[in-house]
Amino acid sequence: MATDKSSRFDNVDWEAVTADSGRALSTNLLGTLLCVVPLIALLVYDFVALGQYEDTFAFVGIGYDVTQLDWLFALSLILFVFYALLPLYQNPRITRYYWREFKRNRPAVVSLAFLTFVFVVGLLGPIFISQPEIDLVTQYQPPIGMSVQNTYPVQCLGEVTSGASGQLCHGSLAHPLGTDSRGRDILVMLIYGMQVTVKIAFITSLIVITIGTAVGTVAAYSGGMIDEVLMRYVDVQQSFPTFIAYLLILYAYGGGLFLFIVLFGTFAWEGTARYVRSNALTKSEDEFMKSAELTGASTYHIITRHLIPNTASSIITILTLLVPGFILAEAQLAFLGLGDPTAPSWGQLLSTGRDALPYAPWITLMPGFLIFLTILAFNFLGDAVLDALNPEAQAESE
Amino acid sequence: MTERVGDEPLLSVRDLEKHYPITQGYLSREVGAARAVDGISFDLRPGETLGLVGESGCGKSTAATSIINLETPTGGEVLFNGGGRWNRQRNEDGSHPNDVTAFADDELFAFRRDAQMIFQDPSSSFDPRMSIGSSVAEPLQVHGMTDQGRRRAIVEDLLEQVGLAAKDYDRYPHEFSGGQKQRIALARALVLNPELIVADEPVSALDVSIRAEILSLISDLQDEYGLSMLFISHDMSVIREVCDRVAVMYLGEIVEIGDAEEVFTDPQHPYTEALLSAIPTADPRAEQANIELRGTVPTPTNPPSGCRFHTRCHRVIQPDGIDIDQENWRSLLNFRDEVLAGQVDVESAREIASTAAGEGDDADIKSELRTEFDLPESFADASVDETLADALDSLLDGDDETAAEQLSTAFTTPCEQSEPVMTDHGDGHQSQCLLNESAQSAPQPTPSDD
């Protein structure tokens with residue numbers, strides 16, 4: 001093969017090569033298109049052919065109406081698969097290298113496992129587990145290992161014992177993590193909450209990465225007037241009071257989780273843009289950027305193939321700080337009663353347990369604990385990913 | 001496609017200029033320019049290696065990036081006749097169809113196949129997130145080779161040619177040593193089968209032991225594929241090893257150019273002499289005239305008048321009426337320049353004089369200043385002695401301006417007054433020095449394009 005005449009660089013007939021060059025689609029782009037085109041077709045079908053309250057998948061007999069949030073979530077999942085997971089599979093050597101570096105950080109490995117668990121359960125759980133039903137008879141069931149005075153539950157499903165302060169209701173396997181004030185199973189609600197969390201994480205990441213990276217790298221690479229205009233706009237947007245805008249829209253038009261995610265997502269990329277820009281500025285001075293320019297590659301090629309992959313570590317780092325911020329913000333708004341009451345988020349669950357805190361603390365404790373763990377996991381992960389994605393720094397320190 | 005006729009050069013650089021504007025204030029008013037490259041001209045014939053040598057900051061690298069059009073030059077022409085562009089005539093408006101600086105986008109894209117560059121720092125010249133195989137194959141992909149298998153085959157073959165293994169294709173830059181990376185850089189520069197390679201200090205960042213290997217690889221590949229090369233280095237010994245011709249650059253200008261052998265055995269410009277004297281020799285007993293350049297190093301923002309090298313030249317010309325020891329003349333001019341710049345610190349000389357054994361009176365201060373600037377107590381010329389004594393008196397009186405005036409009216413050199421032109425020494429050996437002009441009695445005009 002290596003002695004084949006066409007496989008020597010000095011035997012390439014460039015006239016012929018450039019003449020027949022059609023733009024080759026990369027596997028990643030091809031895959032994305034193959035998934036996004038049906039998605040858009042479905043979206044158009046849903047909006048044009050179906051009424052507002054008809055189920056999207058009614059034609060195959062599934063009674064599920066896809067929400068606005070689901071469309072965005074599907075898009076971000078597709079992009080995640082083709083531009084985060086697939087490249088890792090395509091470049092096994094560097095993936096193994098990253099993994100070796102990443103593995104050194106034990107808490108980060110545990111965090112990754114935990115977050116993967118939240119992702120998988122959040123994604124698939126609601127498909128297999130039906131929504132928690134309101135059943136006032138089974139309200140305030142304590143989790144296994146806890147008990148509550150038998151006056152709170154209407155009917156105790158577990159063992160009832162007599163204690164010093166009256167009869168005690170104990171937790172049972174029917175509701176391993178107990179139930180809330182309306183008798184809904186907390187474990188199921190937590191699983192539904194995971195999906196909300198995963199949606200928040202993915203959609204905000206999609207918005208922030210797309211806009212922030214595009215603005216940051218283009219500003220850094222172009223410089224001059226483009227840089228000036230983009231970064232001054234970032235300054236302007238950074239001073240925009242997003243929270244007040246959210247409240248105004250909420251009171252004027254009402255809104256749900258979709259409003260929260262889209263509004264806070266589109267007004268949160270400024271920091272990312274600035275951070276990416278500063279990182280991209282140093283990278284664009286490197287000689288490998290010059291040698292890429294020397295090949296005659298277009299600006300688009302240089303930014304997407306060289307600049308963005310090399311600023312990836314900064315993008316991921318800032319994401320691991322931003323995403324927990326969003327999860328926390330959602331929980332806080334929900335707790336204050338400004339959230340989406342229809343979205344079964346952890347924050348919503350937290351707020352339903354607010355009044356029952358003295359006698360049924362598990363209702364707030366369970367989601368609170370999960371939020372705490374998730375945010376902690378993100379922080380550990382960010383640290384380790386930053387270290388692992390920096391091969392130059394590693395090579396220099398060796 | 002046209003064929004080469006006669007001895008048309010592959011690359012012909014004419015009066016190339018790259019000035020970086022220096023701006024100030026909110027409105028970015030231009031207050032000056034750093035003349036990194038200030039009018040250089042040379043020819044490069046097919047298969048030839050031209051060395052561009054000079055100290056750090058003299059504009060070598062800027063010249064390289066301007067020639068290859070990574071940066072747009074601010075003036076001059078870069079005529080590239082390779083890639084089937086031979087034997088084209090000038091347009092009617094005087095522009096040349098082969099002028100790289102005026103190429104349209106598609107022409108520039110095609111030019112990228114004909115001329116490539118190797119950078120100095122092998123550790124940063126590869127994308128750390130790309131396997132080196134993809135890095136080397138990238139130019140192929142950019143230029144429209146969509147067949148991935150073919151790209152891989154070409155690159156694997158090329159990697160073997162530069163002394164690596166085909167299986168290194170999938171490895172990443174951090175897994176290679178500096179020397180290996182420079183081999184890969186060569187492979188990437190070669191992959192589009194260019195006619196010209198600009199190598200910007202390709203071995204400066206490497207160990208001495210690796211350097212020789214890379215240099216011999218470069219000349220092997222050059223012989224095999226008939227490459228022309230512009231080889232940039234600050235190291236005369238490296239230049240001597242690889243180059244057919246040498247151009248010596250000083251402060252944005254070429255001061256001497258000629259066949260390597262000629263320039264090395266018979267340097268015509270004092271700066272070349274100084275550079276050559278800095279090459280270490282293997283024989284410890286060999287007599288070496290190590291020329292030390294004294295005087296102020298000028299900046300490209302404000303280059304000296306006349307000959308740009310006169311502020312440091314050890315052979316700076318004495319004017320009519322002064323005939324003293326050459327070394328003392330250099331010291332005298334250095335002293336003059338320092339006084340003119342207001343850099344002479346009489347107070348610290350006074351302090352040193354008073355703490356030393358002497359009385360600390362004026363005589364001691366003067367002798368302290370003379371020691372500091374290597375000025376002897378007496379020169380072979382009485383009028384020189386007198387002027388210097390007067391100037392020292394004025395300095396001690398705190399009258400710096402009078403001292404400066406006294407010195408600058410008495411001590412002048414033709415080197416700062418008239419700009420030297422290129423003098424031909426035969427066989428394309430040219431230098432730009434007033435000494436050579438006067439030696440040839442009748443100064444010749446710069447020879448036109450050869």
Side-chain angles (χ1 to χ4, degrees), chain A residues 1-27 87 90-94 97-98 283 285-298 301-302 305-313 389-396 398, chain B residues 1 65 68-70 105 108-113 115-131 134-135 138-150 152-158 160-161 166 170-175 185 187-193 224-225:
Chain A
M1 180 77 184
T3 49
D4 183 5
K5 212 168 174 323
S6 71
S7 66
R8 278 180 57 104
F9 75 93
D10 51 330
N11 286 331
V12 176
D13 180 6
W14 281 108
E15 299 295 323
V17 167
T18 14
D20 68 24
S21 73
R23 258 192 81 88
L25 289 177
S26 64
T27 329
Q90 285 168 328
N91 305 298
R93 197 182 180 91
I94 197 86
Y97 172 79
Y98 288 153
K283 298 289 178 199
E285 292 298 310
D286 273 347
E287 281 177 350
F288 69 84
M289 294 292 289
K290 284 191 208 157
S291 40
E293 282 166 41
L294 258 189
T295 64
S298 63
H301 176 100
I302 291 173
R305 293 295 174 80
H306 296 286
L307 201 51
I308 291 180
N310 277 285
T311 46
S313 60
L389 287 188
N390 236 338
E392 315 103 281
Q394 293 290 339
E396 274 160 26
E398 270 160 18
Chain B
M1 281 271 184
T65 47
I68 207 102
N69 214 13
L70 262 185
D105 283 354
L108 195 61
F109 188 67
F111 170 68
R112 295 282 175 234
R113 281 204 300 272
Q116 277 293 319
M117 187 162 171
I118 304 172
F119 294 95
Q120 174 174 2
D121 184 4
S123 64
S124 77
S125 52
F126 289 97
D127 188 337
R129 306 212 185 278
M130 234 188 203
S131 72
S134 322
S135 276
E138 190 185 17
L140 297 174
Q141 192 186 359
V142 167
H143 283 269
M145 190 181 286
T146 44
D147 181 352
Q148 205 176 349
R150 189 175 180 201
R152 193 176 174 112
I154 289 176
V155 171
E156 285 183 345
D157 174 60
L158 195 49
E160 281 172 355
Q161 283 197 52
D170 292 312
R171 295 172 72 192
Y172 282 80
H174 66 263
E175 299 173 84
R188 181 170 58 188
L190 275 177
V191 76
L192 289 172
N193 196 19
E224 192 167 349
Y225 299 107

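The sequence lines fix the lettering, A, B, ..., with proteins before strands; numbering per chain opens at 1.
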Undergrad: Which atoms form the tightest heavy-atom contact between B:S125 and B:R188, and what is the distance?
TA: O-NH2, 2.6 Å
Undergrad: Counting only heavy atoms closer than 4.5 Å, note whether B:E175 contacts chain A via side chain, backbone, both or neither.
TA: side chain
Undergrad: So for B:I118, is it side chain, backbone, both, or neither that comes closer than 4.5 Å to the heavy atoms of chain A?
TA: neither
Undergrad: Sort out for me which of B:F126, B:F109, B:F111, B:Y225 touches chain A most, counting heavy-atom pairs under 4.5 Å.
TA: B:Y225
Undergrad: Quiz question: by atom type and distance under 3.5 Å, do the side chains of A:H301 and B:Q141 form a donor-acceptor pair?
TA: no
Undergrad: Counting only heavy atoms closer than 4.5 Å, note whether B:L140 contacts chain A via side chain, backbone, both or neither.
TA: both
Undergrad: Kindly indicate, with the supporting measurements, whether the criterion side chain to side chain contact (heavy atoms under 4.5 Å, CB included) is fulfilled by A:T295 and B:R112.
TA: CA-CA 6 Å; A:T295 64; B:R112 295 282 175 234; over 6 Å; no
Undergrad: So which part of B:R152 gets closer than 4.5 Å to some heavy atom of chain A, the side chain, the backbone, both or neither?
TA: neither
Undergrad: Out of B:M117, B:E156, B:Q148, which one racks up the most heavy-atom pairs below 4.5 Å with chain A?
TA: B:M117
Undergrad: Mind checking the CG-NZ spacing from B:D127 to A:K283? Nearest 0.5 Å is all I need.
TA: 9.0 Å
Undergrad: Given that the side chain runs from C-beta out, which part of B:F119 has a heavy atom under 4.5 Å from chain A: side chain, backbone, both or neither?
TA: both
Undergrad: Does A:Q90, at its CD atom, have more than 12 non-hydrogen atoms belonging to other residues, nucleotides or ligands within less than 6.0 Å?
TA: yes
Undergrad: Would you please say whether a donor-acceptor pair under 3.5 Å links the side chains of A:R93 and B:S131?
TA: no
Undergrad: Can you tell me which of B:A166, B:P139, B:S135, B:S124 forms the most heavy-atom pairs within a distance under 4.5 Å of chain A?
TA: B:S124
